[in-house]
Asks: 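Got a structure for you, written out below as structure tokens; questions coming shortly.
Letters go in sequence order (proteins before strands), and every chain restarts at 1.
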Amino acid sequence: MLKYLFAKNEDIPQGSAAIFFAFSSIVWFVVGTGLGSFNAAKLAFPDFVTGSELFSFGHMRQVHVLAVIFGWISMAFAMAMMYITPALGNTKLWSEKLGIWNCFLWNIGLSLGLTLLWAGITSGREYSDFPWVIDLYIAAFIALPLAINVWMTILKRRTQGIYTTNWFFGAGVFMVTIVFIVGNSPEWFNLTGLSEAYMTWWFAHNVLGLWITPIAAAIAYYTVPKVTGNPLYSHRIGHLHFWSVVVFYSTPAAHHLMSAPLPEWLKSFASVEGVLILVPAIAFVSNLILTMQGKWHMFVENVEIKFTITGVLMAIPLNMQGGFQQTRAINWYVHGTGWIVAHAHLALLGFSTFLEGAAVYYGIQTILRRKLYSLALANFHFWFLLIGFSIYWISMTIAGLIQGAGKIYEVPYIDVVIAEHPYMIARWVGGTLVFTGNLVWLYNMYMTARVGTEIPVGRLPHEMAYER
Amino acid sequence: MAFREYKIGARLFGVALGGSMIITLYLPTIDMTSVAATETSLRKQLSYGRIGGFSYEDPFLLGEGKPKTVVLTEDPVTGQQIETVEAYVYEPGIPFAGGINHPRVLGDGITDLSLEKGRISEADISAGAVFVVSRGSYQGETVNYIENVTATRGWKPEKVLSVAGDANTSYVGSGKIMFVKEGCWWCHTLLPEQTQDWQYFGVPPRLGDFNGESPTAFGSDRKAPDLLHVGSRNSSKEWMMMHFFNPRLVQPHSIMPRYDYMWGEKDASGNTIDFDAWGAAYNEYAKGESLYPPEVPEYAPNSQIRYLMDFILSLK
Ligand code: HEM
């Protein structure tokens, strides 16, 4: 791959950037979930590895979080954009070379940033933890090149209209760039106090709301119609989804700080807007479920659909939880407990990861024109992710309810810690299953690229899933 | 232009996103920055110094470039007994807190008094300065303001430090850096909630309690007790020392990590700390083979753990 960095754009085979991104994202997924599993072990067994600051929980936690968000999820998004955007515009990627450089600089910048965080060099603000030097790097060498490539590909399309997925891609890369720059500005302009704390959560909320959620949804808008062969049920509902994301999802940032002394009007406003997130959520889920009409057997038989629809179905509990847990009536009980950690993993590991997983599976096969090396291993991966995640989610939800009860009944804190202990162990077991599944995935995809059966011209990978 | 069909959509998109940012960024910021700083926030920002996290003065988060907090019972210039006062000492070259550099973040009245009576604009980084929080009246109301005592009373940083002595000096600002760097805020919060839980953890903060502080390090995840007022619940230095070295010494069920590495290589008397021997002796104790745990070494006066302890015990 590296040899293409200095090749002429025309000499680089189509899809190279996507493949480069795909394998980077899988490797980051393995690394990220490995770190997650390590952190979970530390919380279950505090004396697991001690004696060095590098293995202290406080140094490792943010490395896990940012590795999975910027390494796995965002790179898988970039991978999807590199092959889906041109496919939907009936054209080529605007610049494969830019894409390859983008991926190369992304890996370098992220490794550097995470190393700094690991050493404790942080801005001290959750989710925007990177020091501002790295923030600038990300804006200039990660977000912007990706945005340019996506926009130029859409502009150069050879179709009349722009399909739903590409609205989301085009708008998403724009919004994430803005959010990134504005959200990190407290560090550049020395904003302090509550305004800074609020901006931190404005950033965190909008990275989720204007990047991770809509782009994951956009991917499903492509994979489901493409693999099932059914047209999207309704473009109008797609419109509703798009516009309600922009209007409702960009506004409830303050619901992350419900217990902080923010202005009251802001909290009430955020709380109402937060419930309205159910609008895009319902639009999205219903649209895709209706697209599946007549093709439900593929939910069982086809790997990509299995992943995608599982992700889509997880959006239902995710958004129900999200909408209600941020109202004042419920938030005071669950705020700051494991319940929220469970919710975060439902969003990122449940909903989002399953959708991107499908895009990466499908993309690698179509671009390389090679059939999946082993369907059995892919199913193994699916079940390990699903079971591992479920254990994680259930155990952390229970732990959260215990903490919430401890909080309001003023139970001595240590008793809460003791009561949570079994669930901490369960969470570690669940997370380790996910990690194991990912190792298998990496192997499966590597073997697909090396020795997967070639797909003859005119056929699609999933049609051949059960052929030898 | 290939976007022609999308003209209306693109404009609406701009309006929607712009409108959203006005409501969720511009209006709240106007609202929050118009609130006057409370006494808590004046003391916090003066003791923490310029910004927390990654900064020019302290890129590796070692606690450098931060002020020291001293407690004085005599006037360093005249030598007279005075009422106990907390002074914030900025030695030459140490960057000033946000409120000194940008007095307008302090809020109506406080800004005026700090400039006129407190003479904060005369403070000079290259010469250093000492600040205290004083009380004055502004338009008939009692207001706390920042006083640059180097200008008003001639208290020089070196003099103040030598009069106070190491025992009365605490490294609160550097300790806050340790708190951020070590990620204490991934488990602890600095924000008792406005619901019941303040009965246990103390009064929740108010809107003006944060002016000039950065980062606030609230923490979002509460796996451990809130620490905003921990110093008034438990101010035992011995307990804290044992707890940081190995929390299981005082709380067998704790999941808090060991912070023994913050002791550094040498203890207070300059001897190398033998962590392996300590660990072995502790394991014996943990298995029930010996009756007493090994002694926790006394920390050196410039160790990271000193900073951290000073910060934690300052949280009243
Ligand atoms: C092997 C699987 C995983 C394990 C064991 C794991 C473990 C953890 C742990 C222990 C934490 C700290 C939670 C706390 O502070 O109580 C955490 C936080 C987090 N993880 Fe994971 N994780 C895993 C996979 C993932 C994946 C795949 C994602 C997303 C793609 C993810 C996203 C996050 C996020 C966003 C947080 C921060 C949650 C918060 O703010 O409270 N994790 N994870």
Side-chain angles (χ1 to χ4, degrees), chain A residues 42-43 46-47 50-53 56-59 61-62 120-126 131-132 155 157 161-162 171 175 182 186 190-198 202 243 246-247 250-251 253-254 256 259-263 266 269 332 335-337 340-341 403 407-408 410 413-414 417-418, chain B residues 2-3 5-6 13 16-17 20 23-25 28-29 31-33 41 51-54 59-61 98 105 180-184 186 189 191 193-197 199-200 204-207 210-218 220-222 224-225 248 251 253-258 260-261 275:
Chain A
K42 299 274 303 180
L43 288 178
D47 285 333
T50 52
S52 158
E53 60 173 3
S56 174
F57 179 75
H59 282 254
R61 183 193 190 270
Q62 59 276 43
I121 302 174
T122 164
S123 72
R125 296 182 299 121
E126 190 167 358
W132 58 263
L155 278 178
R157 73 187 183 279
I162 304 177
M175 292 190 289
V182 175
N190 275 329
L191 279 190
T192 56
L194 264 190
S195 344
E196 184 211 28
Y198 173 61
W202 184 86
W243 288 103
V246 179
V247 175
S250 66
T251 41
H256 294 266
S259 63
L262 292 182
L266 185 59
F269 173 76
W332 68 283
H335 179 78
T337 68
I340 305 291
V341 179
Q403 279 173 296
K407 184 163 85 171
I408 63 164
E410 293 166 26
Y413 208 90
I414 193 64
V417 174
I418 295 170
Chain B
F3 271 127
E5 311 88 307
Y6 292 89
F13 177 73
L17 197 64
S20 151
I23 300 178
T24 60
L25 284 178
T29 309
D31 206 349
M32 285 188 268
T33 47
S41 99
I51 52 171
F54 174 81
F60 300 107
L61 279 84
V105 307
V180 169
K181 179 175 86 163
E182 295 302 330
C184 312
W186 294 122
T189 49
L191 184 72
E193 295 176 19
Q194 290 169 331
T195 49
Q196 270 95 330
D197 113 309
Q199 299 179 10
Y200 204 79
R206 285 177 296 157
L207 192 48
F210 304 97
N211 295 25
E213 184 185 356
S214 166
T216 47
F218 286 157
S220 63
D221 216 336
R222 170 97 64 77
R248 262 71 62 200
Q251 183 45 272
H253 298 289
S254 180
I255 55 162
M256 180 158 144
R258 301 182 192 184
D260 46 3
Y261 57 81
F275 289 101

Asks: Within this structure, what is the CD1-NE2 distance for the pair A:I418 and B:H253, rounded to the nearest 0.5 Å?
Replies: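 Rounded to the nearest 0.5 Å, the CD1-NE2 separation comes to 4.0 Å.
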
Asks: How about B:T24 and A:S250: do any of their side-chain heavy atoms sit closer than 4.5 Å?
Replies: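 Side chain of B:T24 against side chain of A:S250, heavy atoms only: no contact under 4.5 Å found.
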
Asks: Before you tell me yes or no, could you show the steps for B:D221 and A:R61 under side chain to side chain contact (heavy atoms under 4.5 Å, CB included), namely the whole-Å CA-CA distance, both residues' side-chain angles and the distance that decides it to 0.1 Å?
Replies: CA-CA 12 Å; B:D221 216 336; A:R61 183 193 190 270; 3.2 Å; yes

Asks: Indicate the atoms forming the closest heavy-atom contact of B:M256 with A:P46, along with that distance.
Replies: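 Smallest heavy-atom distance, with atoms named: O-CB, 4.2 Å.
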
Asks: Report the option among A:P186, A:A260, A:G51, A:A254 that has the most heavy-atom pairs separated by less than 4.5 Å from atoms of chain B.
Replies: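 Going by pairs under 4.5 Å, I would pick A:A260.
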
Asks: From A:L191 CG over to B:T33 OG1, what is the distance, rounded to the nearest 0.5 angstrom?
Replies: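 That separation rounds to 9.0 Å.
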
Asks: Within the side chain of B:Y261, is there an N or O that forms a donor-acceptor pair under 3.5 Å with the backbone of A:S52?
Replies: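 Side chain of B:Y261 to backbone of A:S52: no pair is present.
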
Asks: So what's closer than 4.5 Å to chain B heavy atoms on A:T337: side chain, backbone, both or neither?
Replies: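 Just the backbone, heavy atoms under 4.5 Å.
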
Asks: Considering only heavy atoms, which portion of A:I414 lies under 4.5 Å from any heavy atom of chain B: side chain, backbone, both, or neither?
Replies: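 It is the side chain, since no backbone atom gets that close.
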
Asks: Which region of A:L194, side chain (C-beta onward) or backbone (N, CA, C, O), has a non-hydrogen atom less than 4.5 Å from a non-hydrogen atom of chain B, or is it both or neither?
Replies: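 The answer is both parts of A:L194.
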
Asks: Counting only heavy atoms closer than 4.5 Å, note whether A:W332 contacts chain B via side chain, backbone, both or neither.
Replies: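 Both parts, backbone and side chain.
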
Asks: Where on B:L61 is there a heavy atom nearer than 4.5 Å to chain A: the side chain, the backbone, both, or neither?
Replies: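 Only the side chain of B:L61 comes within 4.5 Å of chain A.
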
Asks: Can you name the nearest heavy-atom pair linking B:F54 to A:W132, along with the distance?
Replies: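 Of all heavy-atom pairs spanning B:F54 and A:W132, the closest is CE2-NE1, 3.7 Å.
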
Asks: Who wins among B:T189, B:T29, B:D31 for the most heavy-atom pairs under 4.5 Å with chain A?
Replies: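 Most pairs with chain A among the choices: B:D31.
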
Asks: Which residues pass the side-chain hydrogen bond (donor to acceptor under 3.5 Å, both in side chains) test with B:K181, sequence neighbours left out?
Replies: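 Partners of B:K181 under the side-chain hydrogen bond (donor to acceptor under 3.5 Å, both in side chains) test: none.
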
Asks: Check each atom of A:A253 against the heavy atoms of chain B and say whether the ones under 4.5 Å are side chain, backbone, both or neither.
Replies: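 Answer is neither: A:A253 stays 4.5 Å or more from chain B.
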
Asks: What's the spacing between B:W186 CH2 and A:E126 CD if we round to 0.5 Å?
Replies: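 Reported value, rounded in 0.5 Å steps: 4.0 Å.
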
Asks: Could you grab the distance from atom OG of B:S254 to atom OH of A:Y413, nearest 0.5 Å is fine?
Replies: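 If we round to the nearest 0.5 Å, B:S254:OG and A:Y413:OH are 10.5 Å apart.
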
Asks: Does any backbone or side-chain atom of B:P225 lie under 4.5 Å from a heavy atom of chain A? Answer side chain, backbone, both or neither.
Replies: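 Both parts, heavy atoms under 4.5 Å.
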
Asks: What heavy-atom pair brings A:V246 and B:L17 nearest, and what distance separates the two atoms?
Replies: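 Taking every non-hydrogen atom into account, CG1-N, 4.3 Å.
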
Asks: Between chain A and each of B:N211, B:V180, B:V105, B:L207, count heavy-atom pairs under 4.5 Å; write down the option with the most.
Replies: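 The residue among B:N211, B:V180, B:V105, B:L207 with the greatest pair count is B:L207.
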
Asks: Any idea which heavy atoms bring B:S214 and A:T192 closest together, and the distance?
Replies: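 Scanning both residues, the minimum pair turns out to be CB-CG2, 3.8 Å.
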
Asks: Taking side chain as C-beta onward, heavy atoms only, is A:V182 less than 4.5 Å from B:L25?
Replies: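 Yes, side chains in contact.
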
Asks: What part of B:I23 gets closer than 4.5 Å to chain A, counting heavy atoms only: side chain, backbone, both or neither?
Replies: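 Backbone plus side chain of B:I23, per the 4.5 Å heavy-atom cut-off to chain A.
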
Asks: With heavy-atom distances below 4.5 Å as the criterion, would you say the side chains of B:I51 and A:S123 are in contact?
Replies: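 Of all side-chain heavy-atom pairs linking A:S123 with B:I51, none is under 4.5 Å.
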
Asks: Which pair of non-hydrogen atoms, one from A:S56 and one from B:P257, has the smallest distance, and what is that distance?
Replies: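 Reported closest heavy-atom pair: OG-CB, 4.3 Å.
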
Asks: Check whether any side-chain heavy atom of A:H256 sits under 4.5 Å from a side-chain heavy atom of B:F218, and report yes or no.
Replies: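 No - every pair of side-chain heavy atoms lies 4.5 Å or more apart.
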
Asks: Looking at A:R125, A:E53, A:Q62, which one has more heavy-atom pairs under 4.5 Å with chain B than the rest?
Replies: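 That would be A:E53.
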
Asks: Does any backbone or side-chain atom of A:Q403 lie under 4.5 Å from a heavy atom of chain B? Answer side chain, backbone, both or neither.
Replies: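 Looking at A:Q403, just its side chain touches chain B.
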
Asks: For A:E196 versus B:P215, what's the shortest heavy-atom pair and its separation?
Replies: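 Heavy-atom minimum between the residues: OE1-CA, 3.4 Å.
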
Asks: Starting at CG of A:L262, measure out to CE of B:M32 and round the result to the nearest 0.5 Å.
Replies: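 One finds 5.5 Å between CG of A:L262 and CE of B:M32.
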
Asks: Could you state the interatomic distance from CD1 (B:I255) to NZ (A:K42), rounded to the nearest 0.5 Å?
Replies: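 With rounding to 0.5 Å, CD1 (B:I255) is 11.0 Å from NZ (A:K42).
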
Asks: Taking ring-ring contact (aromatic ring centres under 6.0 Å, His included) as the test, write out the residues that go with A:Y198, two or more places apart.
Replies: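 Partners of A:Y198 by the ring-ring contact (aromatic ring centres under 6.0 Å, His included) criterion come out as none, since no residue qualifies.
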
Asks: Quick check on B:Q251 against chain A: is it the side chain, the backbone, both or neither that has a heavy atom closer than 4.5 Å?
Replies: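 The answer is the side chain of B:Q251.
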
Asks: Taking every heavy-atom pair that is under 4.5 Å apart, which of B:E193, B:R206, B:E182 has the most such pairs with chain A?
Replies: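 If we count pairs closer than 4.5 Å to chain A, B:E193 comes out on top.
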
